[in-house]
Amino acid sequence: MTAIPRAIPSTTESGHRFDGHRRWAASLELGFDAHADGRTRLVRAHHRGPLRVQRSFYPEGRTGTCHVYLLHPPGGVVSGDALNIEVEVAAGAQALLTTPAANKLYRTDSHAVAWEQNARLRVADNALLEWLPQETIAFDGSRGRQTTTIELGSQARCLGWEVLALGRPASHLPFATGYLEQRFHLTREGRPLWRERQPLDPDHPRFLGHWGQGGATVQASLWAVGLDDPQDAIAALRDALPSSRRWAVTARNEVLLLRYLGDARNEAWSLCEAAWTVLRPRLAGREAQVPRIWKT
């Protein structure tokens, strides 16, 4: 498996430092394979630092999707942290990855050293990956960069989401300072399907402008690739999900993309989960089986 490059620019466009000498690096490499009995198995799990998995779960039966929980015992990311996750799903395998709790992005230190998170997801032909982490909460003053890279084979299928809450409005602690940068790169057989870079800077006009973030404190993106009929799936989502101006769905270049922009973390999560229950049978051929960890 190709390693994720760890050499990154020393500063962001806003001047926040990424310091390679002040870093608590953690990495996790997972490999899933489909065996002759029809069962997907976790065949490789290498970790370094505080990133790991404990076991696989099969709530859908022995030949159903393999469920795995990604564990990060510190429970949050601080200045200098560098988390790298690599997942490879072999031909014919089906895997669902989630997390046991919200991911917290804490305030930077006095030296403004940023953190970074990288996930590279590789899905082979006729394989399925569901990437369903619980929400991310960015504390005021947090600075860092998230990069998600998805590499699909010719007949691969993938569904995932990212739910991001900015600040803690309920505690009167808005995201008033800091800088986040999200990058998404999705390809099929090396051909780009979706590339996006989103800077989140409270000092930039787009953060409050109605043409940009509009002051919203919660956003979510859900993507699905490999649907037989994306337009039919869009119609099903519009019928099943509550009508609201806070979300919209479209499809371009084989990618169905649902967006949420609002101020309610629970609403964003519920929307993504409901959309997953609609899309899952169309991708996996079976109904959604909610991971038990979401209920604890």
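Reckoned from all heavy atoms, side chains included, excluding hydrogens, waters and symmetry mates.
Considering only residues two or more places apart in sequence or on other chains, Asp232 meets the salt bridge (Lys or Arg N to Asp or Glu O under 4.0 Å) condition with Arg282. Residues meeting the salt bridge (Lys or Arg N to Asp or Glu O under 4.0 Å) test with Asp239, sequence neighbours left out: none. Take Glu196 and apply the salt bridge (Lys or Arg N to Asp or Glu O under 4.0 Å) test, not counting sequence neighbours, and it matches Arg259. Residues satisfying the salt bridge (Lys or Arg N to Asp or Glu O under 4.0 Å) test with Asp33, not counting sequence neighbours, are none.
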Working note: Gln198 + Phe184, criterion side chain to side chain contact (heavy atoms under 4.5 Å, CB included); need CA distance, chi angles, decisive distance, verdict.
CA-CA 9 Å; Gln198 177 182 219; Phe184 293 91; 5.7 Å; no
For His72 and Thr99, run side chain to side chain contact (heavy atoms under 4.5 Å, CB included): C-alpha distance rounded to whole Å, both residues' side-chain angles, the deciding distance at 0.1 Å, then the answer.
CA-CA 9 Å; His72 183 229; Thr99 56; over 6 Å; no
Between Leu70 and Leu51, is a side chain to side chain contact (heavy atoms under 4.5 Å, CB included) present by the stated rule, with each step listed?
CA-CA 7 Å; Leu70 305 177; Leu51 268 177; 5.7 Å; no
Test salt bridge (Lys or Arg N to Asp or Glu O under 4.0 Å) on Glu86 and Arg120 and set out the steps.
CA-CA 5 Å; Glu86 294 193 26; Arg120 170 171 279 175; 5.5 Å; no
Name the atoms and distances for all side-chain donor-acceptor pairs under 3.5 Å in residues 202-215, with sequence neighbours left out.
residue : atom : partner : partner atom : Å
His204  : ND1  : Arg206  : N            : 3.1
Gln213  : NE2  : Ala216  : O            : 3.2
Gln213  : NE2  : Gln219  : OE1          : 3.0

Atom pairs and distances, side-chain donor-acceptor, residues 155-167, under 3.5 Å, sequence neighbours left out:
residue : atom : partner : partner atom : Å
Arg157  : NH1  : Leu283  : O            : 2.2
Trp161  : NE1  : Pro133  : O            : 2.8
Glu162  : OE2  : Thr136  : OG1          : 3.2

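Counting all heavy atoms, side chain and backbone alike, Pro192 lies closest to Thr187 at CA-CG2, 3.9 Å. Taking each heavy atom of Ala26 and Pro50 in turn, the nearest pair found is CB-CD, 3.6 Å. Residue His47 comes nearest to Leu28 through the heavy atom pair CB-CD1, 3.8 Å, listed as atom of the first residue, atom of the second, then distance. The two residues Pro281 and Val278 have their closest heavy-atom pair at CD-O, 3.5 Å.
Other cluster members for Val78: Tyr106, Ile137, Phe139, joined by side-chain heavy-atom distances under 4.5 Å among Ile, Leu, Val, Met, Phe, Trp and Tyr. Using a 4.5 Å cut-off between side-chain heavy atoms of Ile, Leu, Val, Met, Phe, Trp and Tyr, Tyr58 forms no hydrophobic cluster with any other residue.
How far OH of Tyr69 is from CG of Leu97: 11.0 Å, rounded to the nearest 0.5 Å. Expressed to the nearest 0.5 Å, how far OG1 of Thr63 lies from CD of Gln94 amounts to 9.0 Å. For the atom pair Leu261 CG and Ser244 OG, the distance stands at 10.5 Å (nearest 0.5 Å).
Under the 4.5 Å side-chain contact rule for hydrophobic residues, Leu132 and Leu71 share a cluster. Side-chain heavy atoms closer than 4.5 Å link hydrophobic residues (I, L, V, M, F, W, Y) into clusters, and following such links, possibly through other members, connects Leu186 to Val89.
In this structure a side-chain-to-backbone donor-acceptor pair under 3.5 Å is present from Gln134 to Pro100.
Applying the ring pair (Phe, Tyr, Trp, His ring centres under 6.0 Å) test to every pair with at least one member in residues 241-268, sequence neighbours left out, gives no pairs at all. Legend: salt bridge (charged side-chain N to carboxylate O under 4.0 Å, His left out) pairs involving residues 58-71, not counting sequence neighbours, sorted by first then second residue: Glu60-Arg280, Glu60-Arg286. Within the structure, the salt bridge (charged side-chain N to carboxylate O under 4.0 Å, His left out) test picks out no pair touching residues 287-296 (sequence neighbours left out). Listed by first and then second residue, the salt bridge (charged side-chain N to carboxylate O under 4.0 Å, His left out) pairs involving residues 211-222 amount to none (not counting sequence neighbours).
Counting heavy atoms from C-beta outward, Gln146 and Trp115 have side chains that approach closer than 4.5 Å. Residues Arg252 and Trp194 fail the side-chain proximity criterion, which asks for heavy atoms closer than 4.5 Å. Contact of the Leu96 side chain with the Phe57 side chain is not registered, since no non-hydrogen atoms from C-beta on lie closer than 4.5 Å. Taking the side chain as every heavy atom from C-beta outward, Leu256 and Leu237 approach each other to under 4.5 Å. Taking the side chain as every heavy atom from C-beta outward, Ile293 and His67 never approach each other to under 4.5 Å. Contact of the Thr177 side chain with the Arg107 side chain is registered, since non-hydrogen atoms from C-beta on lie closer than 4.5 Å. With contacts defined as side-chain heavy-atom distances shorter than 4.5 Å, the pair Leu271/Leu258 qualifies.
The number of heavy atoms from other shown groups lying within 6.0 Å of CG (Asp228) does not exceed 12.
Shown are Trp223, Trp294, Trp131; of these, the ring-ring contact (aromatic ring centres under 6.0 Å, His included) with Trp276 is made only by Trp294. Looking at Leu105, Ile85, Asn84 one by one, the single match for side-chain contact (heavy atoms from CB on, under 4.5 Å) with Gln117 turns out to be Leu105.
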